[in-house]
Structure formats: structure tokens, C-alpha cells
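When reading the values below, keep in mind they use all heavy atoms of this one structure, side chains included, and skip hydrogens, waters and symmetry mates.
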Amino acid sequence: MNKKLLLKLSVAAIAIMFAGQTVQAEAVIIKKKGFFESLFGTSNRKKRQQKPNWFNRNGDDNVRIIYGSGEDDQFGSQNRNFVDLDEPESIPGLGMGNVNYIAPKLLLLADPAFAKLSAADVQSQAVLAELSSLKTKIRTVQAQREPILEFYKKSGFKPLWLNAGVPSERSRALLAFAAKTEEEGFDSASFLPFGLSNFTDLPGPASTPQELAQFDVALTVAALKMALEISGGQFDPNRLSLYNDITPERVNASTALNVLAYSPYPDAYLRDLAPKNPAYAAMKSELAKLRANGSPVVTPIAEGKTVKLGRADARIIALRERMVALNFLDKSQATDDDLLDTDLSLALKKFQASVQIKQSGQLDAATVKNLNRDDNSKNVQRLIANMERVRWLPKNLGSKYVFVNQAAFEVRVMDRGNQVWRSNVIVGKPYTQTSAFHDEMETVVFNPSWGVPQSIIVNEYLRKLRSDPSYLDRQGFKVVNQQGKVVSSRSVDWGAYGNKIPFGVQQPPGRGNALGELKFLFPNKHDIYMHDTPTKNLFAETTRAFSHGCVRVENPREFASVLLGWDRSRVDAETDGRKSQSVALSKKIPVHITYFTAWPDSTGKMVYFNDIYGRDEAMQRALVSNVDLRNSLASQKLVQN
């Protein structure tokens, strides 16, 4: 045998030896994987960043949410991203859920049947004529139309806002309040009565009875609109998002009309309808402050190629000044040096963390975009949207209640206005969002078992079971047939089934259970609950939108202790005992699943969060559509006139 052949055989033998060691090492690694990792794949972050994802948003809010497909994607189930390793919920998604807002139809404020009625005096007769003529120019929504017509009818069509043939002081006070409703986060122009060019140019002594009648009715429409919107919001939340299941507690229209008609201080009544929630007062104060400060004059940093650590660029001098102005860099470091050095790179990382973008320490496109944005104007819009959401909240949240803010990825327990506990949470993905609704906590389940939903059996397990039928047996899962009898997973011909599996699969209690050690139930039509999770690593993520809709709690034992009023040692004992049991709360506790992109912290400081579900954007579009509709109606009136 020649030397060349010997050399080739030696190299081949060495290669085989190393390959065998590699395979052996991989086999050891596979044995060490947890149940979910071995079923769905590894948690390799590098792979997660390199491979495309079914949802990746990187828009105005600089939110980057990355997770794998809930379906059989192009990479196969073995390459699923780590955030899909724990999906115990089977809640169907509704997509992004934001719908194009359609304003309620405006109807003529008139009833022709009124023409058969009579009124006592000239001015009342003019009001009657206004409300019985189909030629009236005053319109309102159905919810306000009927109460207003009924109120005027019962009162004999007496004007509400006139005194001796001219607008009363009550009417002037009401209009002065309407002019300042921007302080409450409204567009004051939406409350300008029909026929007026502004809030101070009122009908004079020379006005005809019909002109005064039109003013009176139009002001009643504006007053009732203010009462309903200040007390319960200008939008029906369920017309903005499919994930909203909220019925605001608006004042009764007939009650509001009676108070407005006879109160000497109608403006004080309207002011008192605003939410009493301390968060609302904080938002109102912050809104006034931002508007007073105005938008800061900022010289934009030019776009260009990415500047890495150790590289020079003419824009670096301006960048240093901006970092100093934002308090990310000391004043002494605002030099004429155009080099991106270590100190400046660290300052950039802090800034990037504050706006929740990749902390590269480089001057890249995303960083330039965030440095140039007008946060003041954006935060004004955020506050307006969130003041509206406060108006949707129940007037009484409860003396003790659970408050989940999806946009903040947190849960708080409040007791008599004080925060007694807080924890990070995981909420729904953008396409399987956590709904916003209000309910009551009833039960804490220790060491819950997990009944695997059919959709997960079909979409996640079936492929694995066809090649390895005994897999569920080895993992300790129970397989139950249609007669309720426990059977061996190995005895089932999994290859014979497709979308319908005539077996139930249950994961027994334990640390690796998909629901974790504890489950918190507040029964609702959305099938949403709160629970523990074995994938604790996800709580280290900044943007924690990973579930199918349920809310996962980082510190569930603490949560159970607070809800049940138990000592932590008792909670630990019951949990560590591994016995599955349900414990009813001695008194149900209100649960508020909410979405606020601005909310004060425990010190009262306003904190802003990213609009992960695009609900701020949807509300902004609705606000714009209302303005467009109002302008369109104004144009029509101008042409008619």
C-alpha cells in the first residue's frame, strides 16, 4: 500500500472518530433537553434572529416582537423559536383586531308628529317648530335623539338656555366649559353647538325666536354629548378593537338632561362627571405640562451609514451634544471629537435601551430615527388616548383589585388605593392578543394538570407521535380514549389520524407542567386566566408578548399569598406538596385586564409604554375620522347656506 493511500485512510479514520464523538455529544445534549425543547426545538437566540418570523413589527413605536409560527412553518417544528415552547392556551386569535372606526349615524333631531302639539308661549312655539320640522339642520346620534325629544316634549318645549329672550348666564358658563374641554383630552370643536362660529359669539337681542330656538336645541345637544362622553368616553371601545369587551358606565341620558336643565351650575355638573381615578388627574396634569412646554426645537441628526465603535463620522459631534442634552453623557464629553469612542457607545446603549431598540452602541438607522422623533407631540397623543381609556374603566374598581396592564407587561394588586404587590407578566402575541375586560378572581389552583387542547395535539404533537408513539408515556402524560379509559400512548396508531384525534391528552401536575405550579381563575367568555409557566427565561425579555391570550405571572407564589391572604410558608407548603387542589377565595376580587400606554408609577410619575397592539394608532385614526366628518358636515352646511 503506497504512502498516499495510507495518508487518505488515516485522515478518513480520524474524521470518522471525530464525527462519532460529535454525534455522541449531540445525543448527550438531546437527553438533557426539557420536554418542550425536545418536542419543539431549541432556544437558540442566534437562530431566532437570523430566521424570518411570521410577525415582526418595527414601526413608529420601535417595538420589535419576535416569535415563531403557531403553525407548521417553512422551517419545520424542530426549528420553532423558544417562545412557542409553552403554549397551553387554545384561544383562537382575531388577527391584530383593530378595525376601521365608523362613526355612529347622525339623525335629524326632529319628530314630524310634534306638529300636532302646541306650546304656551312664542319662544316655546319656536322650539316646537324647530323640533317638528324635517328641514332642521341639527343632527345627533340615536342614543341622544330620543331622550332630547322626549325631554322637550315633557317640558312643554320650554327653552333650557334662554332668559328674557337672550342666552342665559347658565348657557355662557356651559359654553365657557366646553371651550376648555381640551384640558380633558377632547377636541373642544366637537362640542361647538350648530350655528355658532365660536364659543362666545352668541345670538343677540335682535335675534328671531327661531334663531334662539335653534341655539337652545343645539346647545342641549352639545351639553348632553359632553355629559355622555366625559362620563364614559367619546368612543365605544368595542368599535375600535375586536379584543375590547368593555361597556363604559356612562351617565343616563335622561338623568343628565334633567340635571343640566335645572342646575344653576351645569358646568360644575359636567366637571364632576370626569373620572375620579388618580391616574386620570395625573394624566390631565401631564397633558397640561406638555402643552405648556411645547415641542422642543431639535436639530435633526442626518441619516447615513451605520457608525460602529472606533469609527469616525461628521455626525458624531452633534450626537455627543444630543446625548448630553438627554443626560446620557456628561457635559465634559461634549467635545469636537468625531470618533465614536467607548464612552459614547455606552451612552448610546443606554439611550437605545430607553426606547426599547437593539442595544448595539452604534449610530444606526433606528437610533437616528428615535433621536429625531418628537416625543412631546407623541406623548400628548398618548395621554389623550389613555385619558379616554380611563373613562372606560368602572367607576368603582374595588377596595382591593387586580390590575393587569398589557402594554406595561405588569400586574399590580391595589388595596385601598395603595399598591401592595407587583409582578412582570407575559401577555398575548399581537395576532392572539389578550382581551381587555373586567371580571372577578374566584379560585387559585395549586399544581394544576393540563388538558392539552385538540388543536395543540394535532398541530404540535401528532408529527412527533407518528414517529415515536411511546413519547407521551415516557413524558408522564395520560392518554384517555372516548370511553374515559387511560390507555398507553404506545398502543395508539397515531398515523391513522389527521385533524380529529379521538383521544384526550393530559399532563399531570409538576414543575414542567405547561401551566406551572399555580393557576388563577376568573371565569370569562374569553377563556383567559392567569398562570405560572416553566419558561421563566421569557420574563427577561423587554417585550413580553408571547402567549395565546392568557396572562403568565412571574411570581405566582407571591400572587397566591396576596390573593388568599395566606402566609408565604403556607403557599409554599401547599405547592411543594404536589397535590392538585382548588382553593376558593373567601371573597371574590375584581380583575381588570387593561391596556394603557401611559400610566403613573407608584410615585405618580408618568411612564410611557410601547403601543404593542397598535390600539393607540387605531384610536388616533378614529379621532381623525371624527374631525373629517365634522369638516365635511360644515362644508355641506356652508353650501346650503
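No side-chain heavy atom of Gln581 sits under 4.5 Å from any side-chain heavy atom of Val445. The shortest side-chain heavy-atom distance between Leu174 and Phe199 does not fall under the 4.5 Å cut-off. Between Pro237 and Pro248 the shortest side-chain heavy-atom distance falls below 4.5 Å. Looking at Val607 and Trp599, their side chains never come closer than 4.5 Å, going by heavy atoms from C-beta outward. Under the 4.5 Å side-chain criterion, counting only non-hydrogen atoms from C-beta, Arg552 is not in contact with Val427. Contact annotation: the side chain of Met414 never approaches that of Val420 to less than 4.5 Å [non-hydrogen atoms, C-beta and beyond]. Looking only at side-chain heavy atoms (C-beta outward), Leu585 and Glu442 stay at 4.5 Å or farther from each other. Looking at Tyr613 and Tyr243, their side chains never come closer than 4.5 Å, going by heavy atoms from C-beta outward.
Annotation: cation-pi pair Arg615/Tyr595 present, NZ/CZ under 6.0 Å from the ring centroid and within 45° of its normal. In this structure, Lys519 is positioned above the aromatic face of Tyr529, its NZ or CZ under 6.0 Å from the six-membered ring centre and within 45° of the axis.
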**Message:** Would Gln433 and Met96 count as a side-chain contact (heavy atoms from CB on, under 4.5 Å) here? Give the steps.
**Reply:** CA-CA 8 Å; Gln433 297 173 24; Met96 281 301 289; 4.1 Å; yes
**Message:** Apply side-chain contact (heavy atoms from CB on, under 4.5 Å) to residues Val259 and Val251 and explain how you reach the verdict.
**Reply:** CA-CA 11 Å; Val259 176; Val251 66; over 6 Å; no
**Asked** Passes salt bridge (charged side-chain N to carboxylate O under 4.0 Å, His left out), Asp245 versus Lys525? Steps please.
**Response** CA-CA 10 Å; Asp245 183 13; Lys525 67 181 182 182; 3.5 Å; yes
**Message:** Glu440 vs Ile589, test: side-chain contact (heavy atoms from CB on, under 4.5 Å). Steps then yes/no.
**Reply:** CA-CA 5 Å; Glu440 290 183 317; Ile589 299 176; over 6 Å; no
**Prompt:** Can you list the steps and then say if Gln406 with Val425 is a side-chain contact (heavy atoms from CB on, under 4.5 Å)?
**Reply:** CA-CA 8 Å; Gln406 301 168 51; Val425 298; over 6 Å; no
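Atom CZ of Arg389 and atom CG of Leu240 lie 8.5 Å apart (nearest 0.5 Å). In this structure, Trp421 CH2 and Asn555 CG are separated by 6.0 Å, a value rounded to the nearest 0.5 Å. Between the CG atom of Leu371 and the CD1 atom of Ile301 there is a distance of 4.5 Å, given to the nearest 0.5 Å. Distance check, rounded to the nearest 0.5 Å: CG of Leu538 to CD of Glu554 gives 10.5 Å. Here the CD atom belonging to Gln234 is positioned 7.0 Å from the CZ atom belonging to Phe191, to the nearest 0.5 angstrom. Here the CG-CG distance, from Leu340 to Leu319, works out to 6.5 Å after rounding to the nearest 0.5 Å.
Put simply, the side chain of Thr181 gets close to the backbone of Ala178: a donor and an acceptor are under 3.5 Å apart. At distances below 3.5 Å, at least one donor-acceptor pair connects side-chain atoms of Asn370 with backbone N or O atoms of Ala366. Judged by distance alone, the side chain of Ser625 and the main-chain N or O of Ala622 form a donor-acceptor pair under 3.5 Å. Here the side chain of Asn244 pairs no donor or acceptor atom with the backbone of Ile246 at under 3.5 angstrom. At least one donor-acceptor pair closer than 3.5 Å links the side chain of Glu388 to the backbone N or O of Phe235. Between the side chain of Thr594 and the backbone N or O of Val404 there is at least one donor-acceptor pair closer than 3.5 Å. A donor-acceptor contact shorter than 3.5 Å links the side chain of Thr434 to the backbone of Gly428. The backbone N or O of Ala407 lies less than 3.5 Å from a partner atom in the side chain of Asn405, making a donor-acceptor pair. In terms of modelled atom types and a separation under 3.5 Å, the side chain of Ser423 and the main chain of Val411 share no donor-acceptor contact. Remark: side-chain polar atoms of Asp415 are not paired, donor with acceptor, to backbone N or O of Asn418 under 3.5 angstrom.
Taking the six-membered ring for Trp, Phe520 and His531 have ring centres at least 6.0 Å apart. Outside the 6.0 Å centre-distance limit, the rings of Phe596 and Phe609 are not counted as a close aromatic pair. Note: Trp566 and Phe446 meet the aromatic proximity criterion, with ring centroids under 6.0 Å apart.
The two atoms that bring Gly185 and Ile384 nearest to each other are O-CG2, 3.3 Å, heavy atoms only. The two atoms that bring Pro590 and Gly398 nearest to each other are CG-CA, 4.3 Å, heavy atoms only. Nearest heavy-atom pair across Ile612 and Pro430 is O-CG, 4.2 Å. Contact record, Ser435 with Ile528: N-CD1, 3.6 Å, taken as the closest heavy-atom pair. Lys536 and Pro556 get closest at one heavy-atom pair: NZ-CD, 4.0 Å. Arg391 and Pro275 make their closest contact through CG-CG, 3.6 Å (heavy atoms, listed as atom of the first residue, atom of the second, distance).
No side-chain donor-acceptor contact under 3.5 Å links Asn537 and Thr535. Side-chain polar atoms of Asp611 and Thr597 form no donor-acceptor pair below 3.5 angstrom. A donor-acceptor contact closer than 3.5 angstrom links the side chains of Tyr608 and Glu286. Defined by atom type and a distance below 3.5 Å, a donor-acceptor pair is present between the side-chain atoms of Arg422 and Asn424. With hydrogens and angles left out, the side-chain atoms of Tyr401 and Arg412 include no donor and acceptor closer than 3.5 Å. When only modelled atom types and interatomic distance are considered, Gln352 and Thr367 share a side-chain donor-acceptor pair under 3.5 Å.
One finds no salt bridge joining Glu541 and Arg544 here, because no Lys/Arg side-chain nitrogen approaches an Asp/Glu carboxylate oxygen to under 4.0 Å.
Note on residues 555-567: pairs passing salt bridge (Lys or Arg N to Asp or Glu O under 4.0 Å), not counting sequence neighbours, are Glu517-Arg557, Arg557-Asp572, Arg557-Asp576. Each side chain to side chain donor-acceptor pair (under 3.5 Å) pair with one or both residues in residues 267-279, not counting sequence neighbours, would appear here, but there are none. Legend: salt bridge (Lys or Arg N to Asp or Glu O under 4.0 Å) pairs involving residues 180-189, not counting sequence neighbours, sorted by first then second residue: Glu184-Lys284, Asp187-Arg630.
Asn238 pairs by the side-chain hydrogen bond (donor to acceptor under 3.5 Å, both in side chains) definition with nothing, not counting sequence neighbours. In this view, Arg320 and Asp341 satisfy the side-chain hydrogen bond (donor to acceptor under 3.5 Å, both in side chains) rule, not counting sequence neighbours. Legend: residues meeting salt bridge (charged side-chain N to carboxylate O under 4.0 Å, His left out) with Lys395, ordered by chain and number and at least two apart, are absent.
Ring orientation note: the planes of His592 and Phe403 are tilted relative to one another, at an angle of 30° to 60°.
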